[in-house]
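Structure first, then comments.
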Amino acid sequence: TQLLEQSPQFLSIQEGENLTVYCNSSSVFSSLQWYRQEPGEGPVLLVTVVTGGEVKKLKRLTFQFGDARKDSSLHITAAQPGDTGLYLCAGADNDMRFGAGTRLTVKP
Amino acid sequence: EAEVAQSPRYKITEKSQAVAFWCDPISGHATLYWYRQILGQGPELLVQFQDESVVDDSQLPKDRFSAERLKGVDSTLKIQPAELGDSAMYLCASSPAPGQGYEQFFGPGTRLTVL
């Protein structure tokens, strides 16, 4: 069973601050996805990373896949209230497993 | 824009009753997933369909849960009888490609409360 651990579990910051959230596992994944989920809605895919060491940028969001394809990070620059939500990572190999998520609150 | 449809959005039931959830995936998506998300946790896969066939139901509590996708399009997830611990968000997702690692498009979910 692949176990994905996300940290921190909760994060509350002020608008304009930078932050990094982490997704770690002892298992190797063929790919890893990051989703954002808002209350009462389904998750929405942000990015898929497949190559060890890969870095992808989506506006103010930077995603990195670890060299060993066991971990990933999401960095947000100059956070805005619209970034508030639950950030989930999901690792794919024989099946797909989700982490428990990081609940981010950005205060204006 | 094509979306995954789910109904109902909310369901309140008493324990021991039967409940059913419906999902209509994005047109043309052969792969359909049902997930359960307990408050404070990530989604947990219950069952995966490829067209009308079950690909993975290893995490589906088969004594009370059943899922079908008879014509390979829309799908129904049933719980009978419901238990208090079944209270959760039930999410449906579809994907244009088989296998893991491909983008999954999620519906808005059905929030189930069992009293």
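Since this is a predicted model, take the numbers as computed values, not measurements. Per chain, numbering begins at 1; letters A, B, ... match sequence-line order.
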Pairwise salt bridge (Lys or Arg N to Asp or Glu O under 4.0 Å) hits with a residue in residues 12-34 of chain A, at least two apart: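 Residue pairs with at least one partner in residues 12-34 of chain A: there are none.
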Sequence neighbours excluded - salt bridge (Lys or Arg N to Asp or Glu O under 4.0 Å) pairs with any residue from residues 48-60 of chain A: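 Salt bridge (Lys or Arg N to Asp or Glu O under 4.0 Å) check on residues 48-60 of chain A returns A:E54-A:K56, A:R60-A:D83.
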Neighbourhood of chain B inside residues 37-45 of chain A, taking heavy atoms under 4.5 Å as contact: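 The stretch touches chain B at A:Q37, A:G40, A:E41, A:G42, A:P43, A:L45.
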CG-OG distance between A:L4 and A:S27, expressed to the nearest 0.5 angstrom: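 So the CG of A:L4 and the OG of A:S27 are separated by 8.0 Å.
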Pairwise distance CH2(B:W34) to CG(B:L46) - rounded to 0.5 angstrom: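 Answer for the CH2-CG pair, B:W34 versus B:L46, is 9.5 Å.
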Sub-6.0 Å ring centroid separation between B:F106 and B:Y33: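 No: the rings miss the under 6.0 Å criterion.
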Aromatic centroids of B:Y35 and A:F98 separated by under 6.0 Å: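 Ring-ring flag for A:F98/B:Y35: true, centres closer than 6.0 Å.
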Heavy-atom contact with chain B under 4.5 Å, split by part of A:L32: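 A:L32 has no heavy atom closer than 4.5 Å to chain B.
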Residue among B:Q59, B:K78, B:R36 satisfying side-chain contact (heavy atoms from CB on, under 4.5 Å) with B:F65: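 Exactly one pass, corresponding to B:R36.
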Lys/Arg-Asp/Glu bridge criterion (N-O < 4.0 Å) met for B:R64, B:D86: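 Salt bridge present between B:R64 and B:D86.
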B:D74/B:R69 salt bridge by N-O under 4.0 Å criterion: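 Salt bridge absent between B:R69 and B:D74.
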Close contacts, residues 107-115 of chain B versus chain A, judged by heavy atoms under 4.5 Å: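 Within residues 107-115 of chain B, near chain A: B:G107, B:P108.
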Under 3.5 Å side-chain donor-acceptor pair for B:S95 and B:Q104: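 Distance-only check fails for B:S95 and B:Q104.
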Proximity breakdown for B:E44 and chain A, heavy-atom pairs closer than 4.5 Å: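 Neither the backbone nor the side chain of B:E44 comes within 4.5 Å of chain A.
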